[in-house]
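Read through the structure below, which is laid out as structure tokens, and then see the notes.
First listed ligand is number 1; within each ligand, the first listed atom is number 1.
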Amino acid sequence: MGFQKDFLWGSATAAYQVEGGWNQDGKGVSIWDTYSKIPGTTYNGTNGDIAADHYNRYKEDVKTMGEMGLKAYRFSIAWTRILPNGRGDINYKGIEFYNNLINELLKYNIEPIITLYHWDLPQNLQDKYGGWESREIIKDFKKYAEICFENFGDRVKYWIVINEPNVFVGLGYDIALHPPGVKDKKRSLEVGHITAVANAEVIHSFRKMVPDGKIGSSIAYGPAYSASDSEEDKLALKNYYDHAVWWWFDPYFKGEYPQEALKYNIEKYGAPTILDEDIELMKSAKSDFIGINYYCTQMIADNKEGIGYNGMNNDGKKGSQKENGVPGLFKQIRNTKLEYTDWDWAIDPDGLRYGMVQLKKRYNLPILISENGLGAVDPIDENGEIKDIARIDYLREHIKACKKAIDEGIELWGYCTWSYIDLLSWLNGYKKQYGFVYVDRNNNLTRRKKASYFWYKKVIESNGEDLD
Ligand code: BGP
């Protein structure tokens, strides 16, 4: 048992967070280009204009990936580089950039894993018809995906359609922390459903255009426990899964919604609007794998007192996270048995194993861990070395959990750490670091390999045997 021979030891980034070059070579404006410049929206006004300047330094970055022995690199395509207005004329400079990146990766035998949508929607589509709120986007997203399949599908086998619909829809339409900054549950439910239909349409195109490829979407996964054995807490846990977990996995991977939650939402909000043909389409669009982004678990309790959304720890002051919940359904409380990061995310390697076992039971599909990692302010010693031991400890324990899961029968294809290099955290600026490679923001974005870089290199070399 253990990791299969061709296990994809990978690492991930996303265009807006790493590329920079926000208006270079004909790139159009995305909703994040616009939103991050509105005062008060991001941590200390940080944005991705320059990010890690990967757009201009990709060769140097891929070279260090190659030296590390990385087997897979997950990155996203900026829709606005390919189609500056989201539709219409193609920007061939954008195609050229991703072709160069892909070819560079292949030169080092690194398998590219492409994410088609990692949240940087073309601003033009937002302005024209409200972006994901309109069914018009299904056609435009499909066309964009087809352009990518046509241009890159000959060399790229692994594709992720949408990254974390639950996060960008939840933060964008329930609590107004991401663009377009809306707080409206009905609209949020409509948007979520439209993403699931678009996902299905894209899978259908993929089957025709990249017949030997593998495709799935990535959901942010927070497996959970009940705070106690009381009937109230157990019901809250069921509510959490139905409304916040299966609500997202089911339409993407089963083509349907959890029935009780659907009834609840339709009665309470009159949404989502589901057309008969949607279900047929979603059911017939089979994914090859489930992508999961896993960082932490949740502890769930009854929420009769009606706790709603109370904010997030976005500055790394440990313990500042307040309880959040959905009135009448559930609330998330602190798990006293677990250690937490400075951003108040529970560290729970066994939650990853447990979570994968749950997915296998419900969907019986192979799994790709498309993100897992530790966000922290890394220590730099007097010699300028970055000994990010906390990150090594975090990753080691999660890789052990993967091994256990494989031994329990989970078909795990790969493991991508978040992130390869230090990059922009959407709401936490450059302070919250995740990478194997440090970017000196005071010195021309010079790269430096951290201790975790050398550690992961050994992990890959030994196919997950040498974790010390
Ligand atoms: C996921 C996103 C990533 C990344 C990561 C870390 O939700 O897919 O893009 O940002 O989380 O989150 P954060 O930067 O908020 O710590």
Practice task
Report yes if some N/O of Glu164 lies less than 3.5 Å from some N/O of ligand 1; otherwise report no.
Solution key: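 In this structure, Glu164 places an N or O atom under 3.5 Å from an N or O of ligand 1.
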
Handout entry: Trp119 N/O to ligand 1 N/O under 3.5 Å
Key =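 In fact, backbone or side chain, Trp119 has no N or O that close.
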
For residues [X] and [Y], is any side-chain donor paired with an opposing acceptor at under 3.5 Å?
{"X": "Thr297", "Y": "Asp348", "answer": "yes"}
{"X": "Arg447", "Y": "Thr64", "answer": "no"}
{"X": "Thr417", "Y": "Ser11", "answer": "yes"}
{"X": "Gln123", "Y": "Thr34", "answer": "yes"}
{"X": "Asp174", "Y": "Ser188", "answer": "yes"}
{"X": "Tyr415", "Y": "Asn372", "answer": "yes"}
{"X": "Tyr58", "Y": "Glu19", "answer": "no"}
{"X": "Asp53", "Y": "Asn56", "answer": "yes"}

Which of the ligand 1 atoms, numbered from 1, are nearer than 4.0 Å to a heavy atom of [X]:
{"X": "Lys432", "value": "13 (P), 16 (O)"}
{"X": "His118", "value": "2 (C), 3 (C), 8 (O), 9 (O)"}
{"X": "Asn163", "value": "8 (O)"}

Considering non-hydrogen atoms of the protein only, which is the closest contact for [atom], and what is the distance?
{"atom": "atom 13 (P) of ligand 1", "result": "Ser425 OG, 3.3 Å"}
{"atom": "atom 3 (C) of ligand 1", "result": "Glu371 OE1, 3.5 Å"}
{"atom": "atom 15 (O) of ligand 1", "result": "Asn428 ND2, 3.3 Å"}
{"atom": "atom 5 (C) of ligand 1", "result": "Tyr295 OH, 3.3 Å"}
{"atom": "atom 10 (O) of ligand 1", "result": "Gln17 NE2, 3.0 Å"}

Exercise for the section: Of the side chain and backbone of Tyr16, name the one, both, or neither that has a heavy atom under 4.0 Å from an atom of ligand 1. Expected result: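 Neither part.
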
Problem - Close approach, Val167 and ligand 1, non-hydrogen under 4.0 angstrom - result: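 False for this residue.
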
Handout entry: Pick from Trp418, Tyr43, Trp343, Tyr434: the one approaching atom 16 (O) of ligand 1 most closely through a non-hydrogen atom
Key =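 Nearest option to atom 16 (O) of ligand 1, by heavy atoms: Tyr434.
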
Exercise for the section: Check whether more than 12 heavy atoms from other residues, nucleotides or ligands sit under 6.0 Å from atom NZ of Lys449, and answer yes or no. Expected result: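 Above 12, so yes.
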
